Amino acid sequence: AELARTLGVDAGDRVPLTDVRAAVLGLRRAKGMVLDPADHDTWSAGSFFTNPILDADAFEELAARAAARLGPDAGRPPSWVEPDDRVKTSAAWLIERAGFNKGHPGPGGRVALSHKHTLALTNRGDARTADLVGLAREIRGGVRETFGVTLVPEPVFLGHGM
């Protein structure tokens with residue numbers, strides 16, 4: 001839907017490949033997902049946490065917890081019903097509402113959430129794996145404490161646990 005809006009067409013319409021490529025690169029660049037050696041917000045592994053998929057009851061518990069924590073004007077968490085009736089929700093929404101804003105620094109300041117995209121954990125110059133994992137644990141713990149949902153990392157860890 002976002003790509004179709006950017007191209008000014010309806011979803012499913014055919015457009016020239018060069019237009020699609022330019023639009024995708026523009027959207028990804030705006031989120032810090034196209035490598036730029038001068039932009040530390042692009043020094044990431046992409047989106048770090050997957051969007052949680054919950055059973056319907058767990059999603060309703062999340063919605064109730066969010067309303068109690070954030071107030072009724074905050075709205076319900078974003079949701080998309082899966083073919084098996086489970087509900088996908090937004091990891092970025094959970095992260096932001098748990099108090100982790102764009103640019104949130106990790107331990108020691110060597111890693112941070114991207115200033116463009118709260119799902120990207122970024123290397124600010126000389127980070128080590130332990131720095132990144134420390135920030136990921138802080139975010140996962142904050143979301144679990146706030147909403148009762150445990151975020152799952154998208155990257156596969158080799159020789160290092162979360």
Side-chain angles (χ1 to χ4, degrees), residues 1-7 11 20-55 58-59 61-63 65-67 69-70 74-82 86-162:
E2 182 181 26
L3 180 58
R5 281 191 305 273
T6 299
L7 290 165
V20 173
R21 180 182 186 279
V24 168
L25 284 172
L27 289 168
R28 302 299 288 165
R29 191 172 284 109
K31 295 176 183 179
M33 297 292 145
V34 176
L35 185 60
D36 177 348
D39 182 357
H40 288 271
D41 280 330
T42 70
W43 296 13
S44 77
S47 295
F48 192 85
F49 292 106
T50 61
N51 288 324
I53 301 176
L54 309 170
D55 65 43
F59 180 78
E61 288 176 29
L62 164 62
R65 202 165 177 168
R69 175 93 175 180
L70 305 173
R76 289 173 59 85
S79 61
W80 301 271
V81 177
E82 296 287 297
R86 293 183 305 157
V87 181
K88 181 186 284 190
T89 192
S90 168
W93 189 93
L94 295 169
I95 291 167
E96 291 167 9
R97 295 330 177 273
F100 300 99
N101 298 314
K102 293 175 183 172
H104 176 85
R110 291 182 296 275
V111 294
L113 285 178
S114 169
H115 290 85
K116 297 177 177 102
H117 176 20
T118 54
L119 281 179
L121 279 62
T122 62
N123 181 342
R124 305 319 287 179
D126 62 350
R128 301 212 177 256
T129 301
D131 301 317
L132 182 78
V133 171
L135 177 57
R137 285 182 179 147
E138 177 187 1
I139 292 166
R140 184 179 62 182
V143 167
R144 184 176 30 231
E145 182 179 317
T146 304
F147 297 113
V149 174
T150 301
L151 295 177
V152 175
E154 189 168 336
V156 174
F157 289 82
L158 299 175
H160 204 287
M162 253 298 286

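Predicted model, so just to flag it, every value in this text is computed and none were measured.
- Scored by the salt bridge (Lys or Arg N to Asp or Glu O under 4.0 Å) test, Arg144 finds no partners at all (sequence neighbours excluded).
- Distance check: Lys88 NZ to Thr50 OG1 gives 8.5 Å after rounding to the nearest 0.5 Å.
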Sequence neighbours excluded and cut-off under 3.5 Å, please list the side-chain donor-acceptor pairs for residues 104-114, or say none.
| residue | atom | partner | partner atom | Å |
| --- | --- | --- | --- | --- |
| His104 | NE2 | Glu138 | OE2 | 3.0 |
| Arg110 | NE | Asp131 | OD1 | 3.4 |
| Arg110 | NE | Asp131 | OD2 | 3.0 |
| Arg110 | NH2 | Asp131 | OD1 | 2.7 |
| Ser114 | OG | Lys116 | N | 2.9 |
| Ser114 | OG | His117 | N | 3.4 |

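- Looking at Leu132 and Phe48, their side chains come closer than 4.5 Å, going by heavy atoms from C-beta outward.
- Note that OG1 of Thr89 is 9.5 Å distant from CZ of Arg76, once rounded to the nearest 0.5 Å.
- Taking all atoms of both residues into account, the shortest heavy-atom contact from Arg29 to Val34 is N-CG2, 3.7 Å.
- When side chains are defined from C-beta on, Phe49 counts as touching Ile139, because their heavy atoms get closer than 4.5 Å.
- Partners of Glu82 by side-chain hydrogen bond (donor to acceptor under 3.5 Å, both in side chains), not counting sequence neighbours: none found.
- Rounded to the nearest 0.5 angstrom, Thr118 OG1 and Lys31 NZ are separated by 10.5 Å.
- Taking the side chain as every heavy atom from C-beta outward, Leu151 and Ile95 approach each other to under 4.5 Å.
- A 6.0 Å sphere centred on CZ of Arg137 holds more than 12 heavy atoms belonging to other residues, nucleotides or ligands.
- Between Gly75 and Trp93, the shortest heavy-atom distance links the atoms O-CZ2, 4.1 Å.
- Nearest approach of Ser79 to Val87, heavy atoms of both residues: CB-CG1, 3.5 Å.
- The two residues Thr6 and Ala23 make their nearest non-hydrogen contact at CG2-CB, 4.0 Å.
- Listed for the Asn51 side chain is no donor-acceptor partner under 3.5 Å among the backbone atoms of Ser90.
- Between Arg97 and Thr146 the shortest side-chain heavy-atom distance does not fall below 4.5 Å.
- No side-chain heavy atom of Pro52 sits under 4.5 Å from any side-chain heavy atom of Phe59.
- Annotation: side chain of Val133 is in contact with side chain of Phe157 (closest heavy-atom distance under 4.5 Å).
- Here the closest heavy-atom approach between residue Phe100 and residue Val143 is recorded as CE1-N, 4.4 Å.
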